[in-house]
Amino acid sequence: MEAQIYIANLSKYVGGTIQGGWFDLPVDYSEIVGKLGLNESEEETIILDSEAPFSVHQYDSLDHLNELYEQYSDLPSELRDHAKELIGDLFSSEDDLLENADDVMFLPEVDTDEKLGSYWLDQGLIAVPKELENYIDEDALGRDIRLDGQVIYVSDGCFMR
């Protein structure tokens with residue numbers, strides 16, 4: 001997993017100059033000090049940009065970001081790749097996602113209500129007597145399951161909680 005942050009010298013930034021650089025997570029503060037030339041009078045930094053599967057804020061601590069990086073590294077790749085899409089829909093926050101990642105299932109290529117309804121029928125998640133199978137509207141079934149709030153479609157499938 002790749003995650004990068006752009007860190008700048010805060011005192012120079014406030015003074016109108018950007019002295020900074022991109023750093024791969026996890027990163028050690030000594031690496032930042034060396035690259036940005038920080039000293040005792042200019043030891044504060046600010047995060048100006050990021051490319052990460054999790055939220056990064058201007059004044060996040062390096063310890064927090066390094067810990068998030070490690071936690072996200074342990075997630076299945078599908079969940080990590082779509083984490084920002086899932087927060088707010090299936091999960092209330094990043095903490096909720098990290099604590100409950102095992103409660104979600106990724107269904108590749110299930111990207112429509114009809115395919116979702118068909119999946120539920122095929123997996124026996126809903127019991128239908130044999131003589132009624134031809135009367136089931138898989139699209140409507142999938143829509144009702146999705147509207148229950150425990151399914152979100154993404155570009156390559158869906159997540160179900």
Side-chain angles (χ1 to χ4, degrees), residues 1-116 119-120 123 125 142-161:
M1 175 183 86
E2 289 187 27
Q4 297 180 318
I5 52 176
Y6 187 89
I7 299 177
N9 179 322
L10 182 59
S11 63
K12 296 225 188 287
Y13 179 72
V14 170
T17 305
I18 297 179
Q19 178 184 343
W22 283 99
F23 296 89
D24 292 326
L25 291 175
V27 64
D28 187 74
Y29 186 70
S30 62
E31 182 182 341
I32 295 167
V33 168
K35 188 170 181 179
L36 300 185
L38 299 176
N39 57 47
E40 288 181 21
S41 64
E42 296 178 336
E43 62 184 24
E44 292 187 53
T45 60
I46 185 170
I47 300 169
L48 298 179
D49 200 359
S50 66
E51 293 178 10
F54 46 84
S55 298
V56 177
H57 306 286
Q58 286 183 325
Y59 297 107
D60 279 342
S61 75
L62 288 180
D63 289 340
H64 173 70
L65 293 176
N66 287 337
E67 182 180 328
L68 271 177
Y69 176 84
E70 295 301 325
Q71 290 174 326
Y72 269 75
S73 294
D74 293 338
L75 294 175
S77 62
E78 305 88 20
L79 193 56
R80 185 175 56 238
D81 293 344
H82 295 287
K84 289 182 180 178
E85 296 170 75
L86 301 176
I87 295 171
D89 288 317
L90 286 186
F91 300 99
S92 61
S93 65
E94 284 180 343
D95 289 336
D96 184 24
L97 181 144
L98 291 168
E99 290 171 16
N100 299 298
D102 294 338
D103 297 342
V104 80
M105 181 175 15
F106 179 66
L107 306 173
E109 300 180 23
V110 176
D111 56 359
T112 66
D113 289 344
E114 183 176 5
K115 290 178 183 177
L116 180 62
Y119 175 83
W120 271 58
Q123 296 299 311
L125 298 173
R143 182 193 68 236
D144 289 349
I145 295 165
R146 177 180 47 84
L147 292 176
D148 190 32
Q150 298 300 307
V151 173
I152 182 172
Y153 293 116
V154 292
S155 59
D156 54 347
C158 77
F159 287 90
M160 192 166 61
R161 187 170 186 193

Would you please test Trp120 and Met160 for side chain to side chain contact (heavy atoms under 4.5 Å, CB included) and show each step?
-> CA-CA 11 Å; Trp120 271 58; Met160 192 166 61; 3.3 Å; yes
Criterion side chain to side chain contact (heavy atoms under 4.5 Å, CB included) on Leu62 and Ile7, from CA distance to verdict | CA-CA 10 Å; Leu62 288 180; Ile7 299 177; 4.0 Å; yes
Smallest heavy-atom separation, Ser50 atom then Ile5 atom, equals CB-CG2, 4.0 Å
Does the pair Ile145 and Arg143 meet the rule for a side chain to side chain contact (heavy atoms under 4.5 Å, CB included), with working shown?
-> CA-CA 5 Å; Ile145 295 165; Arg143 182 193 68 236; over 6 Å; no
With Arg80, which residues qualify under salt bridge (Lys or Arg N to Asp or Glu O under 4.0 Å), at least two apart?
-> none
Taking the side chain as every heavy atom from C-beta outward, state whether Tyr72 and Leu98 have any atom pair closer than 4.5 Å.
-> yes
Among Gln58, Glu44, Gln19, side chain to side chain contact (heavy atoms under 4.5 Å, CB included) partner for Leu10 | Glu44
Side chains of Ser30 and Asp28, donor plus acceptor under 3.5 Å | yes
Please report the closest heavy-atom contact between Leu75 and Ala101, naming both atoms and the distance.
-> CD2-CB, 3.5 Å
Nearest-0.5 Å distance that lies between atom CD1 in Ile18 and atom NZ in Lys12 = 13.0 Å
Under 3.5 Å donor-acceptor, Lys115 side chain and Gly142 backbone | no
State, to 0.1 Å, how close Ala8 and Leu36 come at their nearest heavy-atom pair, and which atoms those are.
-> C-CD1, 4.0 Å
Which atom of Tyr69 lies closest to which atom of Pro26, heavy atoms considered = CE2-CD, 3.3 Å
Would you call Tyr59 and Ile47 a side-chain contact if the rule is heavy atoms closer than 4.5 Å?
-> no
Donor-acceptor pair, Asn9 side chain versus Ser11 backbone, under 3.5 Å?
-> yes
Roughly how far, to the nearest 0.5 Å, is CD of Gln71 from CG of Leu97?
-> 10.0 Å
Could you state the interatomic distance from SG (Cys158) to CD (Gln150), rounded to the nearest 0.5 Å?
-> 12.0 Å
For Asp96, check salt bridge (Lys or Arg N to Asp or Glu O under 4.0 Å) against everything at least two apart and list the hits.
-> Arg161
Side-chain donor or acceptor of Tyr153 paired with backbone N/O of Phe159 under 3.5 Å | no
Nearest heavy-atom contact between Ser55 and Leu68 is O-CD1, 4.3 Å
Angle class for the His82/Phe106 ring planes (parallel below 30°, perpendicular above 60°, tilted otherwise)?
-> parallel
Phe23 six-ring face occupied by Lys35 cation (under 6.0 Å, within 45°) | yes
Please tell me if the side chains of Ile87 and Glu94 come closer than 4.5 Å, counting only heavy atoms from C-beta onward.
-> yes
Closest non-hydrogen atom pair, Arg146 against Leu116 | N-CD2, 4.2 Å
Checking Asn66 side chain against Asp63 main chain: does a donor-acceptor pair fall under 3.5 Å?
-> no
Phe54 and Leu65, any side-chain heavy atoms less than 4.5 Å apart | yes
Side chain to side chain contact (heavy atoms under 4.5 Å, CB included) against Glu51, all qualifying residues, sequence neighbours excluded | Gln4, Trp22
From CA spacing to verdict: side chain to side chain contact (heavy atoms under 4.5 Å, CB included), Tyr13, Leu48 | CA-CA 10 Å; Tyr13 179 72; Leu48 298 179; 3.8 Å; yes
